[in-house]
Structures are given as C-alpha cells and as structure tokens.
Amino acid sequence: MNFIIHMNTVIITIVSALYVYQMFYIGVVFIGEFVQKRRKKKHEEPPVALHRYAAIISARNESKVIGQLLDTVNSQNYPSELLDAIVIADNCTDDTAQVARDHGAIVYERFNKEEVGKGYALNYAFQHIAQDMGDSYYDAYVIIDADNLLDENYFAEMNKTFCKGYRIMTSYRNSKNFGSNWISAGYSLWFMREAKFLNNARMMLGTSCAVSGTGFLVASEIIRERGGWNYHLLTEDIEFTVDTVIRGENIGYCSGAMLYDEQPTTFEQSWTQRLRWAKGFYQIVVGYGGKLSGGIITKRRIKKFASYDLTMTVMPAMLVTIGILVCDLVMLLMAVFGSTYMPHLLQNMLSSLAFWLTGYYSSLFFMGAVTMITERKKIRNCPFWKRVLYTFTFPLFQLTYMPIAVAALFQRVEWKPIRHEVAKSLDEIR
C-alpha cells in the first residue's frame with residue numbers, strides 16, 4: 001500500500017513538472033509587455049499595406065444573432081472595398097440566409113446531412129469562392145462564428161500582424177456573457193487566459209500559438225497549398241493547429257484584435273460541447289500524436305518546443321488526473337474498510353487525496369485570479385462581487401471536465417450545434 005502511495009506522489013510530481021512551463025509563461029508576458037511599452041515610446045509603428053479579406057461565417061439556424069455580427073463586420077475601421085462577409089448557411093431550417101443577405105453578406109446555402117460539421121461547411125465555402133472569384137482574390141480569410149461580435153478595429157489590427165509575415169494567426173477571445181453564471185464565467189476565464197497567458201507568451205517567445213474555434217486568420221495561399229479545408233475531426237480547429245505545427249509553420253497571435261463570443265450557460269449545453277471537444281482531442285492523439293510528439297526530437301530549436309507545447313495541450317492529461325483521483329478514492333475505501341487493523345492507512349490516504357485536490361485547485365485558482373486581475377478592464381457586464389465569486393468557482397468548472405473526459409472514451413459523439421440566444425449589439429455588450 002505504501003508503494004502505491006509513493007507511486008501516486010511520483011505521478012503527480014511528473015505531471016506537474018510537464019506543465020510547469022505554463023506558469024513560466026505568466027512571467028514572460030509581464031516582462032514582455034513591459035519591454036513593449038518602452039519600445040512604443042521610442043519607436044512609431046511603420047505604415048502597413050492593406051490586404052483584401054473575407055470574413056467566413058459558418059451558420060446553422062443563427063438568425064437571432066448573425067445580424068449583430070454582420071453589423072460589426074460592416075462597421076470596421078477598414079476599407080469596405082477590401083472586406084467582404086461570406087456566410088455559409090449550413091443545413092438551416094430558419095431564415096439565417098435571408099437575414100445575412102439583408103445585412104450585406106454573400107451567402108452560400110448548403111444542404112448535406114451526411115457531411116455534418118463546421119469543417120465541411122468551410123471547405124464548401126472555399127470551393128465556391130475559388131469558382132466564383134478565384135482562389136487568390138482574397139489575400140486571407142478570417143474564420144468567425146455566427147454568435148460573435150467584432151471590435152471595430154479587429155481587421156485593422158489583424159492586418160498589422162498579417163503584414164509581419166504570419167500566414168496563420170489567432171486573436172483575443174472575449175465574452176458576450178461573462179457574468180451570466182459560473183459556467184459562462186468558467187469558459188470566459190479559460191479563453192481569456194488562453195489569449196493573454198498562452199498565445200501571447202508564445203508570440204513573444206517566437207514559438208507557435210494555437211487556433212481555438214473562432215477568430216483566426218488563414219492566408220489564401222495556405223488553403224491553396226492544402227487543397228482546401230481538409231480538417232473534419234470533432235475539433236477541426238485543433239486538428240488544423242496540430243497539422244500546421246507538424247508542417248513546421250508558426251501560428252501568430254494578434255492581441256489588439258478582439259472578438260466577443262457567447263458561452264453556454266446551462267450544464268447540459270456545456271456537457272454536450274465539451275464532450276465533443278474531449279472526443280476530438282482523443283481523435284487527434286490517435287491520428288496525429290506520433291508525428292506531433294516526434295517533432296520534439298526531430299525538429300530544430302524553437303520548433304521542438306512548439307511540438308512539446310502542443311503535445312501537452314492535446315495529450316489526454318485529464319485521464320492521468322482521473323487515474324490519480326480514482327486510485328486515491330479506491331485506496332481511501334480500502335483504508336476505511338481496514339481501518340480497524342491499519343489505522344495509519346486512513347490518515348495516509350486522506351493526506352494523499354488532500355494533497356492532490358489542494359494542488360489542483362490552487363494552481364487553477366492562481367491562473368484564474370491572475371487572469372481576472374490583469375484582464376479586469378476587458379470583462380463586461382459583471383459586477384465586482386461576481387468576479388470574486390467566479391474566481392473561486394473557476395477551478396470547480398475545470399473539475400467538471402473529469403466525468404466528461406471519461407464519458408468521451410466510451411460514448412459515441414457527433415457534432416451538434418449549440419443554440420445562441422444573446423442577441424445584443426456591440427454597444428450593449430460594452
């Protein structure tokens with residue numbers, strides 16, 4: 001029994017060591033931003049070329065929210081003649097297509113019950129763009145979800161980073177409904193942390209960032225080189241990221257380009273969405289895990305670290321965590337059952353379980369608190385007392401991934417749309 005306890009401690013230590021670099025990222029961001037502020041005082045940014053963009057929006061029954069998104073696309077501080085909105089009305093049974101047309105978008109309607117998912121819709125759009133306008137008409141595409149809202153400087157900021165040579169890049173993901181409840185706040189804090197303390201740090205270090213669902217740019221030449229959008233796993237965004245890193249290309253990050261994303265507010269919605277994410281991660285590990293982790297050895301210098309970083313992102317670390325917890329609980333039951341004969345076991349098991357839970361909660365609380373403090377000016381419609389409360393519930397939200405990760409191992413998962421109800425303008429969000 002003591003051997004099992006020691007092994008448990010060793011596993012916890014190893015897993016913690018593998019992820020400690022993400023704490024290092026926090027220091028990188030603080031130092032990097034300090035240096036950037038000093039440089040901006042001394043040097044003005046050079047003028048940039050203006051490129052032609054298309055906002056690509058895959059929408060399934062999104063008539064309630066897509067109009068507000070298109071209003072923010074039409075209101076960009078960027079030349080309107082260089083920016084189009086293209087909507088794929090994907091298997092819609094409502095008037096999403098007509099609402100999009102009424103707001104000035106180019107609309108492609110798609111009806112295919114066999115090939116279901118955002119990846120298929122994107123590929124459909126790229127095929128039609130190539131036929132109707134040519135595959136080099138746009139310099140780049142920006143993939144946006146139908147429930148999003150864009151800051152008015154979104155495309156101007158993305159253009160600045162695009163001009164630095166990045167052919168793929170992501171942006172800052174804020175929330176439309178941070179303060180709805182602990183579930184929406186849990187999502188929101190995670191995405192804000194991902195932007196501020198993961199992708200921001202990666203950009204500063206010159207390694208590769210990660211695309212996450214919405215708000216990312218892809219140069220048209222990438223689509224031509226790869227023969228369209230050929231990513232159709234349950235998490236096509238991460239699949240695209242992994243394939244990009246395997247190919248040796250860095251993904252950039254634009255901190256000045258902000259979008260607002262709607263988060264689920266019910267546990268049922270959250271379970272469905274995160275079950276798909278968990279299953280998609282397992283698919284990626286099976287399909288790409290060998291090549292990705294192999295890059296840690298075969299690639300050179302900073303690209304080794306990009307491979308390692310993304311391997312840690314997609315590897316099923318949650319399963320290891322679950323294994324540790326189950327082991328602790330089993331041993332705890334054994335200790336209780338045998339406490340008459342081995343009274344010291346109960347104390348050891350409780351100590352081991354408390355050590356794990358305290359470490360887990362504390363690390364996530366620290367990440368959430370740092371994010372909440374540094375990004376407080378970006379958090380909308382959420383009073384101070386709720387922000388404090390949601391900092392404490394953030395680790396609990398992450399803890400709910402555990403049963404989801406287990407269910408994803410055994411349950412068949414299909415892509416299902418999440419209903420969006422927050423039909424607000426950009427001014428209302430602010």
Side-chain angles (χ1 to χ4, degrees), residues 10-29 168 170 173 189-213 233-235 237-253 274 277-325 356 359-364 366-368 370-371 394-395 398-399 401-402 404-405 408-409:
V10 169
I11 293 172
I12 292 173
T13 303
I14 292 173
V15 171
S16 300
L18 289 173
Y19 286 94
V20 73
Y21 74 95
Q22 294 191 4
M23 293 294 185
F24 169 73
Y25 274 169
I26 296 175
V28 169
V29 169
I168 306 169
T170 187
R173 191 171 180 178
L189 262 184
W190 181 263
F191 288 130
M192 295 177 86
R193 170 188 171 264
E194 181 181 61
K196 178 74 172 183
F197 293 112
L198 293 181
N199 283 331
N200 196 20
R202 290 162 177 157
M203 187 71 167
M204 290 175 177
L205 293 171
T207 185
S208 183
C209 302
V211 164
S212 178
L233 297 182
L234 290 171
T235 48
D237 51 342
I238 303 299
E239 182 186 7
F240 172 67
T241 300
V242 169
D243 187 43
T244 298
V245 170
I246 289 173
R247 291 169 182 262
E249 180 151 2
N250 276 2
I251 298 173
Y253 167 68
R274 289 188 288 162
W277 291 353
K279 192 73 169 185
F281 271 57
Y282 295 148
Q283 291 175 338
I284 289 169
V285 170
V286 172
Y288 295 86
K291 288 184 178 179
L292 179 62
S293 58
I296 300 171
I297 299 172
T298 60
K299 293 189 182 298
R300 296 182 179 180
R301 298 180 182 177
I302 196 69
K303 296 194 183 300
K304 285 180 179 288
F305 182 73
S307 297
Y308 174 81
D309 187 10
L310 196 53
T311 298
M312 292 299 101
T313 300
V314 303
M315 72 177 292
M318 185 60 71
L319 287 181
V320 178
T321 304
I322 293 169
I324 294 170
L325 181 60
W356 178 86
Y360 175 87
Y361 185 93
S362 299
S363 60
L364 286 172
F366 174 76
M367 293 176 184
V370 171
T371 305
F394 174 66
Q398 294 301 316
L399 188 63
Y401 263 107
M402 291 187 178
I404 294 172
L409 277 174

* Structure fact -> Thr170 and Cys209 have their tightest heavy-atom pair at CG2-CB, 4.5 Å
* Pairing residues for Ser212 by the side chain to side chain contact (heavy atoms under 4.5 Å, CB included) criterion, not counting sequence neighbours -> Arg173, Phe191, Glu194
* To do: Give a yes or no answer on whether the side chain of Lys291 reaches the backbone of Ile246 with a donor-acceptor pair at less than 3.5 Å.
  => no
* Heavy atoms, side chains only, cut-off 4.5 Å: are Ile238 and Phe281 in contact? -> yes
* Asked: What is the distance from atom CE of Met367 to atom CG of Leu189, rounded to the nearest 0.5 Å?
  -> 12.5 Å
* **Side-chain donor or acceptor of Ser208 paired with backbone N/O of Ile251 under 3.5 Å** => yes
* Structure fact -> Residues Gln398 and Tyr360: closest non-hydrogen pair is C-OH, 3.1 Å
* **Rounded distance [0.5 Å steps], CG in Leu310 versus OG in Ser293** => 11.0 Å
* Once the angle between the rings of Tyr21 and Tyr25 is folded into 0 to 90°, is it parallel (under 30°), tilted (30 to 60°) or perpendicular (over 60°)? -> perpendicular
* Is a donor on one side and an acceptor on the other found under 3.5 Å between the side chain of Thr235 and the backbone of Trp277? -> no
* Structure fact -> For Ala408 and Ala278, the nearest pair of non-hydrogen atoms, with its separation, is CB-CB, 3.7 Å
* Asked: So is Arg193 actually on top of Trp190's ring, under 6.0 Å and inside 45° of the axis?
  -> yes
* **Between CG on residue Asp243 and CG on residue Leu292, distance to nearest 0.5 Å** => 10.5 Å
* **Atom pair OH/CD of Tyr288 and Gln283 - distance to nearest 0.5 Å** => 10.5 Å
* CG on Leu364 to CG on Leu399, rounded to 0.5 Å -> 9.0 Å
* To do: Flag the pair Ile168 / Phe240 as yes when at least one side-chain heavy-atom distance between them is below 4.5 Å, and no otherwise.
  => yes
Side chains of residues 195-205: which donor-acceptor pairs under 3.5 Å do they make with residues two or more places apart or in other chains?
| unit_1 | atom_1 | unit_2 | atom_2 | d |
| --- | --- | --- | --- | --- |
| Lys196 | NZ | Glu33 | OE1 | 3.1 |
| Lys196 | NZ | Glu33 | OE2 | 2.6 |
| Asn199 | OD1 | Arg202 | NH1 | 3.0 |
| Asn199 | OD1 | Ala210 | N | 3.0 |
| Asn199 | ND2 | Ala210 | O | 3.3 |
| Asn200 | ND2 | Glu33 | OE2 | 3.4 |
| Asn200 | ND2 | Lys196 | O | 3.4 |
| Arg202 | NE | Asp309 | OD2 | 2.6 |
| Arg202 | NH2 | Asp309 | OD1 | 3.3 |
| Arg202 | NH2 | Asp309 | OD2 | 3.4 |

* Short question: side chain of Glu239, backbone of Leu233 - any donor-acceptor pair under 3.5 Å? -> yes
* Using a 4.5 Å cut-off on heavy atoms from C-beta on, say whether the side chain of Tyr361 contacts that of Phe394. => no
* To do: Give the minimum heavy-atom separation between Gly206 and Asn250, together with the two atoms involved.
  => O-ND2, 2.9 Å
* Under 3.5 Å, side chain of Tyr282 to main-chain N/O of Ala405, donor-acceptor pair present? -> yes
* Is there a side-chain contact between Ile26 and Phe366 (heavy atoms, below 4.5 Å)? -> yes
* **Heavy-atom side-chain contact between Lys299 and Phe305 under 4.5 Å** => no
